[in-house]
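Each remark here refers to the structure printed beneath this line.
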Amino acid sequence: MDKIIVEGGHRLCGEVRISGAKNAALPILISSMLADGMNTYANVPNLRDIDSTILLLSNLGARIETSGDTVQIDAGGLNNFEAPYDIVRKMRASILVLGPLVARLKKARVSMPGGCAIGARPINLHLKGLAGLGANIEIKHGYVEASADELNGAEIYFDIATVTGTENIMMAAVLAKGTTVLRNAARDPEIIALAEALNQMGADIHGAGTTVITINGVSSLKPVSFRIIPDRIEAGTFMVAAALTGGNVTLVNAEPDHLGAVIDMLRLTGAEISHDGKTVKVQGKETITSVDLKTQPYPGFPTDMQAQFMVLMSVANGTSVISETIFENRFIHVSELKRMGADITISGNTATVKGVSKLSGAPVMATDLRASASLILAGLVAEGQTKVNRVYHLDRGYQAIEKKFAGIGAVIERVR
Ligand code: EPU
């Protein structure tokens, strides 16, 4: 498997182009299942999770063509209602086909995603939502089997704000009879983007981006041409890299409106940040100030940025307390960062990070996407060489990360 080798100690300067958002592209590509005819999606990132989505959709009978960052999907031939274990185990977000399959084919058989490195990640709220719309649901042989002659609008309350849960039920409800109201819905920009794509297909969705989403069912949808929003987590990762190396980095094709909590937190650490339209400039400072942070559902500080921020706090002036409130096991990077000289103590869902003056390069590895990204960041400021093994996870969610870092002055290479 490929490795990424980083030599630390180089200031990052220059311009980096942010790709389309993985977590917006996944549900939006899957929403193509809801209409016959050719949908066209632009700004789709080139990622392993997108390859898995394309494989999943073609397995279900969709016809797909890709060219550069454009993906065209015609789900007119949708004829298979099963998402097999082999695809779902590689990408948990495959569960997003559950709602659309029941809406389109009246039944679905989707492998249950298991837990993963960051937590147990149950899907009970996806199932509760779909059952609320009238689907019959059974778990058999490790698969969710769902069926419904027709789905009917209903009031669905999510006990916890769930991103893919909200997306799944929103996709099921667009073709249901009557009105569905989702309460305590997640408010992430990716949910707004999905609602916009669906509305352009002819759906009638209101309130996406708030905790109450109303979906008036329609009888059919038409294909759409849609541009995927910029990836706020990729953007945040490069912003932290700039702050970490005392660099001066300009992000282009970013969406600062989606980065509020990250921008606020980075400013508190001393970084200077300005933005204009889709451009964000980050100027790092010699001294990084420690700040405390707590991950929260959007618009709070994203759990997907916690590991990267912890690296920044590892070399900051002072002590930082970081609380992870979304996933129960999202400190996988801590043991690897400690091997690089970080001073971090974990107690329950809280990590106390005492800033050290230097990290030292080491061979490291992580079993989660954002944890892997944090190890690259650590490598950028560590003394000597850091070898990040098992690049598989990085390739799931960061497009050509080593090329983008090399383009702004990092000494980094992929070794096959
Ligand atoms: N939860 C339940 N029951 C459910 C669903 C969720 O208890 O049925 C709990 C989860 O265990 C967690 C909380 O609710 O404690 C929030 O989880 P959520 O469902 O929102 O997470 P997700 O939809 O599975 C998405 C992103 C993740 C991101 C989280 C939180 C996609 C494809 N994935 O996951 O992204 O961390 O929201 O923002 O959108 C990543 O990109 O690296 C990544 C992990």
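Atom CE of M91 sits about 11.0 Å away from atom CG of L47, to the nearest 0.5 Å. Taken to the nearest 0.5 Å, the OG1 atom of T386 stands 8.5 Å off from the CG atom of L380. If you take CG on L194 and CE on M171, they are separated by 5.5 Å, rounding to the nearest 0.5 Å. Distance CD/E190 to CD1/I233: 7.0 Å, rounded to 0.5 Å. Rounding to the nearest 0.5 angstrom, the gap separating the OG atom in S94 from the CG atom in L56 is 5.0 Å. Between the CG atom of L98 and the CG atom of L130 there is a distance of 5.0 Å, given to the nearest 0.5 Å.
Taking the side chain as every heavy atom from C-beta outward, R227 and Y41 never approach each other to under 4.5 Å. Residues M313 and I288 are in side-chain contact: their nearest non-hydrogen atoms beyond the backbone lie under 4.5 Å apart. Annotation: side chain of L259 is in contact with side chain of M239 (closest heavy-atom distance under 4.5 Å). Side-chain contact between I213 and I191: present, with at least one pair of heavy atoms (C-beta onward) separated by less than 4.5 Å. Residues V249 and K281 have side chains not in contact (no heavy-atom distance under 4.5 Å, counting atoms from C-beta outward). Between I5 and I412 the shortest side-chain heavy-atom distance does not fall below 4.5 Å. Between E145 and I139, the closest side-chain pair of non-hydrogen atoms is not below 4.5 Å. In this structure, I30 and P100 have side chains that are in contact, with non-hydrogen atoms separated by less than 4.5 Å.
Within 6.0 Å of the OH atom in Y143, the count of heavy atoms belonging to other residues, nucleotides or ligands exceeds 12. In the displayed structure, D149 atom CG is contacted under 6.0 Å by at most 12 heavy atoms of other residues, nucleotides or ligands. Annotation: R63, atom CZ; neighbour count of heavy atoms from other residues, nucleotides and ligands within 6.0 Å does not exceed 12.
Each of R416, R414, K3 was checked for a salt bridge (charged side-chain N to carboxylate O under 4.0 Å, His left out) with E402, and the lone residue meeting it is R414.
One finds a salt bridge joining R232 and D188 here, because a Lys/Arg side-chain nitrogen approaches an Asp/Glu carboxylate oxygen to under 4.0 Å. Ion pairing of R92 with D49 is absent here, as no side-chain N (NZ or NE/NH1/NH2) approaches a carboxylate O to less than 4.0 Å. Taking the charged nitrogens against the carboxylate oxygens, D304 and K22 have no contact shorter than 4.0 Å, which rules out a salt bridge. A salt bridge does not link K294 with E324: every distance from a Lys NZ or Arg NE/NH1/NH2 to an Asp or Glu carboxylate oxygen is 4.0 Å or more. Contact check on K128 versus D159 returns a salt bridge, with a Lys/Arg side-chain nitrogen under 4.0 Å from an Asp/Glu carboxylate oxygen.
Side chain of N184 to backbone of F158: a donor-acceptor contact under 3.5 angstrom is found. Using modelled atom types, one side-chain atom of T166 and one backbone atom of T162 make a donor-acceptor pair closer than 3.5 Å. The backbone N or O of I205 sits less than 3.5 Å from a side-chain atom of N199, completing a donor-acceptor pair. Judged by distance alone, with hydrogens and angles left aside, the side-chain atoms of N80 form a donor-acceptor pair with the main-chain N or O of N59 at under 3.5 Å. Judged purely by atom type and a 3.5 angstrom limit, N168 uses its side chain to pair as donor or acceptor with the backbone of I95. A distance-only check finds a donor-acceptor pair linking the side chain of N39 to the backbone of I73 [under 3.5 Å]. Side chain of Q308 to main chain of V240: no donor-acceptor pair is present (N/O by atom type, distance under 3.5 Å, no hydrogens or angles). Counting only distance, with no hydrogens or angles, the side chain of T295 and the backbone of P302 share no donor-acceptor pair below 3.5 Å. The main-chain N or O of E150 is never found under 3.5 Å from a side-chain atom of K106 such that the two would form a donor-acceptor pair. With S320 contributing its side chain and V291 its backbone, the two residues share a donor-acceptor pair below 3.5 Å.
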CA sep, side-chain torsions, deciding dist, call: D204, H206, side-chain contact (heavy atoms from CB on, under 4.5 Å):
CA-CA 7 Å; D204 185 3; H206 304 268; 2.7 Å; yes
Please test V252 against K278 for side-chain contact (heavy atoms from CB on, under 4.5 Å), starting from the C-alpha separation and ending with a verdict.
CA-CA 6 Å; V252 293; K278 303 273 180 241; over 6 Å; no
Starting from the C-alpha separation in whole Å, work towards a yes-or-no answer on side-chain hydrogen bond (donor to acceptor under 3.5 Å, both in side chains) for Q72 and T40.
CA-CA 4 Å; Q72 290 191 296; T40 303; 3.0 Å; yes
Mind running side-chain contact (heavy atoms from CB on, under 4.5 Å) on V315 and L359 for me, showing each step along the way?
CA-CA 7 Å; V315 292; L359 296 176; 3.8 Å; yes
Is there a side-chain contact (heavy atoms from CB on, under 4.5 Å) between L198 and F226? Walk through the geometry before answering.
CA-CA 10 Å; L198 289 168; F226 196 80; over 6 Å; no
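Closest approach of S19 to K404, counting heavy atoms only: OG-NZ, 2.7 Å. Contact record, V71 with I64: CG1-CG2, 4.0 Å, taken as the closest heavy-atom pair. Across every non-hydrogen atom of P230 and I18, the tightest pair is CB-CG2, 4.3 Å. When all heavy atoms are compared, the tightest approach of A120 to E328 is N-OE2, 2.6 Å. Here the closest non-hydrogen pair linking A172 and A103 is O-CB, 4.0 Å. Here the closest non-hydrogen pair linking I228 and A24 is CG2-CB, 4.2 Å.
K177 and S219 are not linked by any side-chain donor-acceptor pair at a separation below 3.5 angstrom, with hydrogens and angles left out of the test. Between the side chains of N216 and T179, at least one donor-acceptor pair of N or O atoms lies under 3.5 Å. Side-chain atoms of T303 and R330 include a donor-acceptor pair closer than 3.5 Å.
A cation-pi arrangement, defined by a distance under 6.0 Å to the six-membered ring centre and an angle within 45 degrees of its axis, is absent between R109 and F81.
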Expected list for residues 362-371: side-chain donor-acceptor pairs under 3.5 angstrom, two or more places apart:
residue, atom, partner, partner atom, Å
D368, OD2, A371, N, 3.2
R370, NH1, Y398, OH, 3.2

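Ring orientation note: the planes of F301 and F309 are nearly perpendicular, at an angle over 60° on the 30°/60° scale.
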